[in-house]
Enquirer: 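Sharing a structure here in structure tokens format.
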Amino acid sequence: MKINKKKKIINKKHILSAIKIYKSPFWMYDYKKIKEKIFQLKKFDIIRFAQKSCSNIHILKIMKKYGTKIDAVSLGEIERALKAGFKGNCNDIVYTSDIIENETLKKVIKYNIPVNIGSIDMIKKIGKKSKNHKIWLRINPRFGDGHNKKTNTGGKNSKHGIWNIKKAINLIKKYNLKLIGLHMHIGSGANYFHLKKVCNSMIKQAILINKKINFISAGGGLTIPYKIHEKEINIKNYFKIWNKSKKIIEKKLKCSIKLEIEPGRFLVAESGILISQIQSIKKVKNRIFVLVNVGFNDLIRPVLYGSYHYISILPIDNRKINYSNTINVIIGGPLCESGDIFTQKENSKIYTITLPIIKRGDYIIFHDVGAYGASMSSNYNSRPLIPEILFKDNNFIQIRRKQTIKEMLSLEI
Ligand SMILES: *Cc1c(COP(=O)(O)O)cnc(C)c1O
């Protein structure tokens, strides 16, 4: 099980030099990969990066540099976007949510940031405070999809989006809000079987609303091949189906419309790796636990969703790895919680993976962690946030330093 070619982004030599500087653990992103992924979506009129997937300001700056716009889902994310250079009173930033708190409301009014509305209450709240505010409607298409029930964002079990469109339209009229776009995001890791259904739903809703709009958004949810045998999604086909829908809507509403796509994972997942080091190799009855220096406070996806991440190893010394001499191991972290295991399924069942003979001190690398990796980290077990490093033109740039324990405690002192 030599590292698979498909999973190679930054070569061994570079990773080892980065370890010399930053020690493990740290996140590392490949600039080139992010750029390459952005260009794969160039056919869409607008690419809007769902920053919640990787919200580091320096990553947002890369997005900006290559013409990507930004989606913010909190006041903090609006501030990040502004810091990265996105502007308020144009179409750069859209605030998407099902609620809007007072502080956030003040900010979107001050900076004239369009709001993608997901609830009737939100329409009322914005309407009362900001006449003529530019808004989008996030529509619940009444069905959903997603790689996991936690990421399914449509249908009657989803808290997202507006169910009662007629009521929404009446309120928009009452408050004189300016409807500029319609948005549908049915889930992350959507199954393309549903695609036509989503597009048809968008067409139906647009006709029902029957107002001239400027944008429609296909939402996010584009998958990436986490497992070696998984295929990349067919972007051409995805675009074709959406573009056809756009044209139908343009004809029906007699206006010109821009087609947006709003990916998070697709743009950044494959660019990121997480470098950890083996602290202990423990035999427990007939099982072998390999414990590393990152836990689910750093990378929560396996614990939260049962997500799979490809794992490779890097020996600490220059010894030659014998890939035919293997052992089956469970990979776990340092947290004081038995669920702190990276090799587990959605039902929390632990599984083993096959690795060559490893030893304490070797590095374990988690792949495809650029999305929902660092951005979902926490301080659980009072472990500080770890650094984020950008690999660009054969150089390393520290784009987030390690949090100190003092900083962590300072909120309480
Ligand atoms: C999370 C989210 C996205 C991005 O989802 P990905 O699976 O990362 O592409 C896009 N739009 C909205 C509204 C979201 O909530």
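When a ligand or atom number is given, it counts from 1 through the structure's own listing order. Sequence positions, counted from 1, serve as the residue numbers for this chain.
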Enquirer: Closer than 4.0 Å to some heavy atom of Y372 - which atoms of ligand 1 meet that?
Expert: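 Heavy-atom distances to Y372 below 4.0 Å select 1 (C), 4 (C), 5 (O), 6 (P), 8 (O).
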
Enquirer: Does H160 come within less than 4.0 angstrom of ligand 1, counting non-hydrogen atoms of the residue?
Expert: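 The answer is no: ligand 1 sits nowhere under 4.0 Å from a heavy atom of H160.
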
Enquirer: Is there a donor-acceptor contact under 3.5 Å linking the side chains of H309 and D368?
Expert: no

Enquirer: Can you find a side-chain donor-acceptor pair between E77 and S74 that sits under 3.5 Å?
Expert: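 No - no donor-acceptor pair under 3.5 Å links their side chains.
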
Enquirer: When rounded to the nearest 0.5 angstrom, what is the spacing between CG in L355 and OG in S312?
Expert: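 So the CG of L355 and the OG of S312 are separated by 9.5 Å.
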
Enquirer: Under 4.0 Å from any heavy atom of A50, which atoms of ligand 1 are there?
Expert: 3 (C), 4 (C), 10 (C)

Enquirer: Could you point out which residue of I275, I313, L314, N293 forms a side-chain contact (heavy atoms from CB on, under 4.5 Å) with I364?
Expert: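 Checked I275, I313, L314, N293 against I364; only one passes side-chain contact (heavy atoms from CB on, under 4.5 Å): I313.
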
Enquirer: Can you find an N or O of F266 that's nearer than 3.5 Å to an N or O of ligand 1?
Expert: no

Enquirer: How does R265 reach ligand 1, if at all, at less than 4.0 Å between non-hydrogen atoms: by side chain, backbone, both, or neither?
Expert: both

Enquirer: Regarding K125 and N102, is there a side-chain donor-to-acceptor distance under 3.5 Å anywhere?
Expert: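 Their side chains do contain a donor-acceptor pair, which is all the 3.5 Å distance test asks for.
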
Enquirer: Does the structure place the NZ or CZ of K42 under 6.0 Å from the centre of the six-membered ring of F39, at an angle of no more than 45° from the ring's axis?
Expert: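 Positive - K42 is close enough to the ring of F39 and near enough to its axis.
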
Enquirer: With a cutoff of 4.0 Å, is G219 in contact with ligand 1, counting heavy atoms of the residue only?
Expert: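 Judged by the 4.0 Å heavy-atom criterion, G219 does not count as contacting ligand 1.
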
Enquirer: Would you check the N or O atoms of S53, main chain and side chain alike, for any that come under 3.5 Å of an N or O of ligand 1?
Expert: no

Enquirer: Select the closest option to atom 3 (C) of ligand 1 among R48, Q51, K52, judged by heavy-atom distance.
Expert: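 Among R48, Q51, K52, the closest heavy atom to atom 3 (C) of ligand 1 belongs to K52.
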
Enquirer: Ring centroid separation for F391 and Y31, is it under 6.0 angstrom?
Expert: no

Enquirer: Which atoms from ligand 1 have a heavy atom of G264 less than 4.0 Å away?
Expert: 4 (C), 6 (P), 8 (O), 9 (O)

Enquirer: Check whether any heavy atom of P263 sits under 4.0 Å from an atom of ligand 1.
Expert: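 It does, in that a heavy atom of P263 comes within the 4.0 Å cut-off of ligand 1.
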
Enquirer: N/O to N/O below 3.5 Å, does that happen between H183 and ligand 1?
Expert: no

Enquirer: Regarding Q398 and Y22, do their side chains bring together a donor and an acceptor under 3.5 Å, going by distance alone?
Expert: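 No, no side-chain donor-acceptor contact under 3.5 Å.
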
